[in-house]
Amino acid sequence: MNRILKIGMDVHSTNYTLCVVEPKLEGDPDLLYEVQVEPDCWNILQIIEKLKQKYKEDQLFITCGYEAGCLGYTLYHELEDHGIKCVILAPSTIEMPGGKRIKTDKRDAYLIAKCLANGGYRAVYVPTSKDEDVRDYIRMRDDHRDLLKIVKQQIDAICLRNGHKYTKTRWTGNHLKWLKELELSSIDRETLNEYMLTFQYLFEKLERLDARIEEFASEEEYIEKVKKLRCYIGIKTYSALSLIVETGDFHRFAKGNIYSHYLGLTPGEHSSSENVNRTSITKAGNKHARTILVEAAQCICRAGIGRKSKALMARQKGNDPAVIAYADKANERLRRKYHKMIYRGHHRNIAVTAVARELACFVWGMMTDNIGMVEP
C-alpha cells in the first residue's frame, strides 16, 4: 500500500517543531505525529526513520517543507542530500485561518503541513550552492560600499561644521589633497584624519573585493553570461554577475514581463468598480537585482541617442554579432523611450523606472536566448 506523508516544519535557530500529516481526499489532513526537537537535520532524519519503521508494510512518499526565513537553504540541502524531498514555502502563500488569534510553533507547523497536503502554496526557488556563495560575497561587498558612503557623509559633515565646502567634483585626487590641507583645530584635524584612515581602508578594500568579483565572473559557469550582459549600457562585470546569481535560472520565467514583475518593477493597482487606479511599482521580489537595473537605467538615460562609447564597444568585443545587435537595439530603444517620456511631461524618476522595467525584459531575452521574444 502506498502512503503519502507530509511533514510541516516550523524552524528556528533554537528548535524545530515537526508536524506529520496524511492527506485525505476531502477535508483537512489527518494529524499523525507532533514533536519538537533540537535544530539539527539528524533529528529530522531519525523521525523519518521511525515513520518508516511504523509503516514498514507500506511504501512511504514523504515530503518535508518549511517557510522561507533567516535560516536560508541549509536545511533544504541537507535533507535533499539524504534523499528526502523538501520544499521551501513562500511566506506570502501561508495564511493564518480567519479569526485565529493564537500563534504557536505547533500551529505554524500544522499549517505548513496542511499547505503541503492541499497544494495551496508557492515554492521558493532554491539557488545552487555556488550561486548562493557568490551572491553572499557580492552582498558583503555592497555592505562595505554602504559603509564607505557613510564615511564620506561624515567627512563632508565635519568640513561643513567648520565652514569648509568643496565646490568641485568630490573624492578626486584634488579633493583629497584639499582635505589634507584644511586649517582645523588640533582635535578636529585628528578627528578628520581618523575618518580619512577609515575612508582609505574601505576604498582599498572595495578595490580588492571588486578584483575578486572579476575572478568569479571569469569562471566557466558565468563567463559567457557575463560577456553577454556587459553588452548593455550601464551593466559591467559586477552588475552582470549580480543579476545572474540573484536571479538564478532565468528560464523559470515564461516571459520578460513576468521577470520584471518578479523584480517588483511593474506598477501596482488599486481599482474598484469602474475606477482604475495605478500605483507606484510594487517593489516586491529581489531588491538587489531591482537596484542594479535601476542604476543601469540611470546610465542609459544619461547617454545620448545614437551614441556608442569606446568602453561599450570594448565590452561588446568578442560576442556573437546577433547578441551585439540585440543589445544595441535595446540600448537605442530604451534611450528613445526615456526622452519620449520626458518630452510628454513624466517625472524623471518615473521615466528611469520605466526604462529599468523594460531593461529587465531585454535581460531576460538575452539570458534565455529569446532574442526576438521580448514583451515590454
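The first residue in the sequence is number 1, and the count goes up from there. No experiment lies behind these values; they were computed from the predicted model shown.
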Residues E214, K236: salt bridge by 4.0 Å N-O rule: no
What's the separation between atom CG in L116 and atom NZ in K6, rounded to the nearest 0.5 Å? 6.5 Å
Less than 4.0 Å between a side-chain N and a carboxylate O, is that true for R170 and D156? yes
OH/Y222 to OG1/T237 distance, rounded to the nearest 0.5 angstrom? 14.5 Å
Heavy-atom check, side chain of I155 versus side chain of K152, under 4.5 Å: no
Ignoring hydrogens and geometry beyond distance, is a side-chain donor-acceptor pair present between N193 and R189 at under 3.5 Å? yes
Can K54 and L32 be said to form a side chain to side chain contact (heavy atoms under 4.5 Å, CB included), step by step? CA-CA 11 Å; K54 182 178 180 180; L32 302 181; 5.7 Å; no
Rounded to the nearest 0.5 Å, the CE atom of M9 sits from the CD1 atom of I44 at a distance of 4.5 Å
Derivation and outcome, side chain to side chain contact (heavy atoms under 4.5 Å, CB included), residues N286 and T247: CA-CA 8 Å; N286 195 301; T247 304; over 6 Å; no
Taking atom types as modelled, find out whether Y232 and S239 have a side-chain donor-acceptor pair closer than 3.5 angstrom. no
Can you label the angle between the H175 ring and the W171 ring as parallel, tilted or perpendicular, going by 30° and 60°? perpendicular
Apply side chain to side chain contact (heavy atoms under 4.5 Å, CB included) to the pair L265 and V294, showing each step before the final yes or no. CA-CA 9 Å; L265 286 169; V294 171; 4.2 Å; yes
With the threshold set at 4.0 Å, does a side-chain nitrogen-carboxylate oxygen contact exist between D369 and K228? yes
Less than 4.0 Å between a side-chain N and a carboxylate O, is that true for K329 and E332? no
Parallel, tilted or perpendicular for F253 and Y262, by the 30°/60° rule? tilted
Side-chain heavy atoms under 4.5 angstrom apart, residues restricted to Ile, Leu, Val, Met, Phe, Trp, Tyr: same cluster for Y125 and I88? no
When rounded to the nearest 0.5 Å, the distance separating NZ of K205 from CG of L202 is 7.5 Å
Strictly by modelled atom types, are Y326 and D320 linked by a side-chain donor-acceptor pair under 3.5 Å? no
Knowing that exactly one of R336, R333, R335 qualifies, which makes a salt bridge (Lys or Arg N to Asp or Glu O under 4.0 Å) with E358? R333
